[in-house]
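Just below is one structure, and these are the notes that go with it.
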Amino acid sequence: LVFGMLYPAYYSYKAVKTKNVKEYVRWMMYWIVFALYTVTETITDLTVSWFPLYYELKIAFVIWLLSPYTRGASLIYRKLLHPLLSSKEREIDEYIVQAKERGYETMVNFGRQGLNLAATAAVTAAVKSQGAITEKLRSFSMHDLTTIQGDEPVGQRPYQTLPEAKKKTRTSASESSG
(Lines give C-alpha, C1' and ligand atoms only; values in the text may rest on other atoms or scores of the structure.)
Protein backbone atom coordinates (compact mmCIF):
# COMPACT_ATOMS: atom_id res chain seq x y z
CA LEU A 1 0.00 0.00 0.00
CA VAL A 2 2.81 2.42 0.83
CA PHE A 3 4.71 1.85 -2.40
CA GLY A 4 1.78 1.20 -4.70
CA MET A 5 -0.74 3.75 -3.45
CA LEU A 6 0.44 6.34 -0.91
CA TYR A 7 3.72 7.33 -2.56
CA PRO A 8 2.17 7.69 -6.05
CA ALA A 9 -0.88 9.47 -4.63
CA TYR A 10 1.31 12.06 -2.91
CA TYR A 11 3.40 12.68 -6.01
CA SER A 12 0.23 12.87 -8.12
CA TYR A 13 -0.99 15.55 -5.73
CA LYS A 14 2.28 17.42 -6.12
CA ALA A 15 2.06 17.19 -9.93
CA VAL A 16 -1.48 18.61 -9.87
CA LYS A 17 -0.50 21.32 -7.39
CA THR A 18 2.53 22.50 -9.37
CA LYS A 19 0.72 22.05 -12.69
CA ASN A 20 3.77 20.24 -14.09
CA VAL A 21 2.32 18.60 -17.21
CA LYS A 22 5.22 16.20 -17.65
CA GLU A 23 4.82 14.82 -14.12
CA TYR A 24 1.06 14.86 -14.47
CA VAL A 25 1.24 12.66 -17.58
CA ARG A 26 3.77 10.37 -15.89
CA TRP A 27 1.49 9.77 -12.92
CA MET A 28 -1.60 9.33 -15.10
CA MET A 29 0.22 6.57 -16.99
CA TYR A 30 1.17 5.01 -13.66
CA TRP A 31 -2.43 5.00 -12.41
CA ILE A 32 -3.70 3.45 -15.64
CA VAL A 33 -1.09 0.68 -15.44
CA PHE A 34 -1.71 0.24 -11.71
CA ALA A 35 -5.45 -0.20 -12.34
CA LEU A 36 -4.69 -2.99 -14.82
CA TYR A 37 -2.22 -4.47 -12.32
CA THR A 38 -4.87 -4.44 -9.58
CA VAL A 39 -7.36 -6.33 -11.75
CA THR A 40 -4.70 -8.85 -12.76
CA GLU A 41 -3.52 -9.19 -9.17
CA THR A 42 -7.01 -10.10 -8.01
CA ILE A 43 -7.09 -13.04 -10.40
CA THR A 44 -3.50 -14.16 -9.85
CA ASP A 45 -3.86 -14.00 -6.07
CA LEU A 46 -6.50 -16.70 -6.35
CA THR A 47 -4.53 -18.92 -8.72
CA VAL A 48 -0.77 -18.37 -8.32
CA SER A 49 -0.32 -17.17 -4.75
CA TRP A 50 1.18 -20.54 -3.78
CA PHE A 51 4.20 -19.81 -5.98
CA PRO A 52 7.41 -19.28 -3.93
CA LEU A 53 8.38 -15.60 -3.58
CA TYR A 54 5.08 -14.54 -5.17
CA TYR A 55 4.47 -11.64 -2.77
CA GLU A 56 8.08 -10.48 -2.99
CA LEU A 57 7.81 -10.44 -6.79
CA LYS A 58 4.62 -8.37 -6.55
CA ILE A 59 6.36 -5.78 -4.37
CA ALA A 60 9.37 -5.69 -6.70
CA PHE A 61 7.06 -5.22 -9.70
CA VAL A 62 5.25 -2.28 -8.09
CA ILE A 63 8.57 -0.65 -7.20
CA TRP A 64 9.73 -1.20 -10.79
CA LEU A 65 6.50 0.43 -12.04
CA LEU A 66 6.94 3.62 -10.05
CA SER A 67 10.72 3.96 -10.05
CA PRO A 68 11.91 7.16 -11.75
CA TYR A 69 14.96 5.24 -13.03
CA THR A 70 13.16 2.34 -14.69
CA ARG A 71 9.90 4.15 -15.53
CA GLY A 72 8.19 0.79 -15.75
CA ALA A 73 4.67 2.19 -15.82
CA SER A 74 5.57 4.51 -18.70
CA LEU A 75 7.17 1.64 -20.59
CA ILE A 76 4.17 -0.68 -20.17
CA TYR A 77 1.73 2.10 -21.01
CA ARG A 78 3.53 3.20 -24.20
CA LYS A 79 4.47 -0.24 -25.51
CA LEU A 80 1.40 -2.24 -24.52
CA LEU A 81 -1.60 -0.37 -23.16
CA HIS A 82 -1.75 2.71 -25.38
CA PRO A 83 -1.69 0.74 -28.66
CA LEU A 84 -4.20 -1.78 -27.29
CA LEU A 85 -6.59 0.88 -25.94
CA SER A 86 -6.31 2.94 -29.13
CA SER A 87 -7.24 -0.01 -31.33
CA LYS A 88 -10.15 -1.10 -29.12
CA GLU A 89 -11.41 2.33 -28.00
CA ARG A 90 -14.63 2.30 -30.04
CA GLU A 91 -15.65 -1.17 -28.84
CA ILE A 92 -14.84 -0.28 -25.24
CA ASP A 93 -16.93 2.92 -25.44
CA GLU A 94 -19.89 1.03 -26.93
CA TYR A 95 -19.60 -1.62 -24.24
CA ILE A 96 -19.57 1.02 -21.49
CA VAL A 97 -22.69 2.69 -22.92
CA GLN A 98 -24.48 -0.67 -23.08
CA ALA A 99 -23.35 -1.54 -19.56
CA LYS A 100 -24.69 1.79 -18.26
CA GLU A 101 -28.07 1.20 -19.91
CA ARG A 102 -28.26 -2.39 -18.70
CA GLY A 103 -27.01 -1.33 -15.29
CA TYR A 104 -29.84 1.18 -14.91
CA GLU A 105 -32.43 -1.35 -16.06
CA THR A 106 -30.93 -3.98 -13.78
CA MET A 107 -30.98 -1.67 -10.78
CA VAL A 108 -34.63 -0.77 -11.43
CA ASN A 109 -35.52 -4.47 -11.72
CA PHE A 110 -33.58 -5.31 -8.55
CA GLY A 111 -35.33 -2.44 -6.79
CA ARG A 112 -38.72 -3.75 -7.83
CA GLN A 113 -37.85 -7.29 -6.82
CA GLY A 114 -36.48 -6.05 -3.50
CA LEU A 115 -39.65 -4.10 -2.75
CA ASN A 116 -41.82 -7.08 -3.70
CA LEU A 117 -39.72 -9.35 -1.50
CA ALA A 118 -39.90 -6.92 1.42
CA ALA A 119 -43.67 -6.53 1.04
CA THR A 120 -44.15 -10.30 0.87
CA ALA A 121 -41.97 -10.79 3.95
CA ALA A 122 -43.91 -8.13 5.86
CA VAL A 123 -47.28 -9.65 4.96
CA THR A 124 -46.06 -13.15 5.82
CA ALA A 125 -44.70 -11.97 9.16
CA ALA A 126 -47.94 -10.19 9.96
CA VAL A 127 -50.03 -13.24 9.10
CA LYS A 128 -47.78 -15.56 11.11
CA SER A 129 -47.74 -13.27 14.13
CA GLN A 130 -51.52 -12.89 13.99
CA GLY A 131 -51.85 -16.68 13.91
CA ALA A 132 -49.47 -17.00 16.88
CA ILE A 133 -51.48 -14.48 18.90
CA THR A 134 -54.72 -16.27 18.03
CA GLU A 135 -53.28 -19.61 19.09
CA LYS A 136 -52.01 -18.09 22.35
CA LEU A 137 -55.46 -16.66 23.12
CA ARG A 138 -57.14 -19.98 22.27
CA SER A 139 -54.92 -21.72 24.79
CA PHE A 140 -56.55 -19.72 27.62
CA SER A 141 -59.72 -21.09 29.10
CA MET A 142 -62.68 -18.78 29.51
CA HIS A 143 -62.00 -18.77 33.24
CA ASP A 144 -58.43 -17.54 32.61
CA LEU A 145 -59.72 -14.76 30.38
CA THR A 146 -62.22 -13.54 32.97
CA THR A 147 -59.56 -13.34 35.68
CA ILE A 148 -57.30 -11.03 33.71
CA GLN A 149 -57.32 -7.67 35.46
CA GLY A 150 -57.72 -4.48 33.51
CA ASP A 151 -60.33 -5.73 31.09
CA GLU A 152 -63.28 -4.31 33.04
CA PRO A 153 -64.96 -1.21 31.71
CA VAL A 154 -63.61 1.98 33.29
CA GLY A 155 -66.71 2.72 35.39
CA GLN A 156 -66.70 -0.79 36.95
CA ARG A 157 -63.05 -0.85 38.11
CA PRO A 158 -62.62 -0.62 41.86
CA TYR A 159 -60.77 2.51 42.91
CA GLN A 160 -57.56 1.69 44.70
CA THR A 161 -55.18 4.24 46.13
CA LEU A 162 -51.57 3.37 46.45
CA PRO A 163 -49.99 3.56 49.90
CA GLU A 164 -47.36 6.03 48.65
CA ALA A 165 -50.05 8.32 47.29
CA LYS A 166 -51.79 8.29 50.71
CA LYS A 167 -48.55 9.22 52.46
CA LYS A 168 -47.91 12.08 50.05
CA THR A 169 -51.37 13.51 50.54
CA ARG A 170 -50.97 13.33 54.32
CA THR A 171 -47.58 15.06 54.27
CA SER A 172 -48.70 17.75 51.88
CA ALA A 173 -51.83 18.38 53.99
CA SER A 174 -49.77 18.68 57.18
CA GLU A 175 -47.25 20.99 55.47
CA SER A 176 -50.00 23.26 54.16
CA SER A 177 -51.60 23.54 57.62
CA GLY A 178 -48.22 24.36 59.22
Side-chain angles (χ1 to χ4, degrees), residues 1-140:
L1 287 175
V2 171
F3 291 118
M5 301 282 267
L6 294 178
Y7 176 82
Y10 180 71
Y11 277 93
S12 298
Y13 156 76
K14 289 187 75 107
V16 170
K17 183 179 173 186
T18 60
K19 298 177 184 165
N20 184 342
V21 176
K22 189 175 181 180
E23 284 297 304
Y24 192 80
V25 169
R26 174 182 174 227
W27 288 111
M28 285 300 294
M29 287 190 282
Y30 171 80
W31 287 114
I32 293 168
V33 172
F34 190 77
L36 177 67
Y37 164 75
T38 304
V39 170
T40 306
E41 175 191 32
T42 304
I43 296 165
T44 59
D45 278 353
L46 297 172
T47 57
V48 193
S49 63
W50 55 267
F51 190 76
L53 301 174
Y54 172 73
Y55 295 102
E56 290 80 1
L57 290 171
K58 280 177 30 174
I59 292 170
F61 180 71
V62 170
I63 292 172
W64 177 78
L65 282 178
L66 62 89
S67 173
Y69 303 110
T70 60
R71 297 193 184 264
S74 177
L75 181 71
I76 290 176
Y77 178 81
R78 291 180 187 188
K79 298 289 183 185
L80 179 70
L81 284 178
H82 185 75
L84 179 67
L85 290 173
S86 295
S87 67
K88 302 286 184 183
E89 189 172 359
R90 178 178 286 157
E91 291 94 5
I92 293 170
D93 288 341
E94 289 173 3
Y95 179 76
I96 289 172
V97 168
Q98 289 175 359
K100 283 181 183 178
E101 290 171 358
R102 288 183 193 152
Y104 177 75
E105 292 170 7
T106 302
M107 290 307 295
V108 168
N109 287 336
F110 276 139
R112 280 189 196 128
Q113 289 175 356
L115 287 174
N116 287 338
L117 184 65
T120 303
V123 168
T124 303
V127 168
K128 285 182 179 180
S129 66
Q130 183 180 10
I133 290 171
T134 305
E135 288 302 315
K136 189 72 171 172
L137 289 176
R138 282 186 190 154
S139 70
F140 288 126

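Since this is a predicted model, take the numbers as computed values, not measurements. Numbering starts at 1 and runs along the sequence shown.
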Problem set entry | Set of residues satisfying side-chain contact (heavy atoms from CB on, under 4.5 Å) with respect to Y10, sequence neighbours excluded | Y13, K14
For this session: Take V97 and E101 through the side-chain contact (heavy atoms from CB on, under 4.5 Å) test and state the conclusion after the steps.
Result: CA-CA 6 Å; V97 168; E101 290 171 358; 3.8 Å; yes
Exercise. Of the non-hydrogen atoms in L66 and R26, which two are nearest, and what is the gap between them?
Worked result: O-NH2, 3.0 Å
Exercise. From L36 CG over to I76 CD1, what is the distance, rounded to the nearest 0.5 angstrom?
Worked result: 8.0 Å
For this session: Under the side chain to side chain donor-acceptor pair (under 3.5 Å) rule, collect the residues that match up with N20, sequence neighbours excluded.
Result: none
For this session: Answer yes or no: are there more than 12 heavy-atom neighbours, outside Y95 itself, under 6.0 Å from its atom OH?
Result: no
For this session: Compare every heavy atom of Y54 with every heavy atom of E41, then report the nearest pair and how far apart it is.
Result: O-OH, 4.1 Å
Exercise. Looking only at atom types and distance, does a side-chain atom of S67 sit under 3.5 Å from a main-chain N or O of I63, one as donor and one as acceptor?
Worked result: no
For this session: Under the side-chain contact (heavy atoms from CB on, under 4.5 Å) rule, what do W64 and L75 come out as? Steps first, then yes or no, please.
Result: CA-CA 11 Å; W64 177 78; L75 181 71; 4.0 Å; yes
Exercise. L81 and M29: side-chain contact (heavy atoms from CB on, under 4.5 Å), yes or no, with the steps?
Worked result: CA-CA 9 Å; L81 284 178; M29 287 190 282; over 6 Å; no
Seminar exercise, completed: Residues passing the ring pair (Phe, Tyr, Trp, His ring centres under 6.0 Å) test with Y77, sequence neighbours excluded, are H82
Exercise. What residues form a side-chain contact (heavy atoms from CB on, under 4.5 Å) with L84, not counting sequence neighbours?
Worked result: K88
For this session: Just grab all the side chain to side chain donor-acceptor pair (under 3.5 Å) pairs involving residues 30-39, residues at least two apart or on different chains.
Result: S12-W31
For this session: For L57, enumerate each residue passing the side-chain contact (heavy atoms from CB on, under 4.5 Å) test, keeping only those at least two apart in sequence or located in another chain.
Result: F51
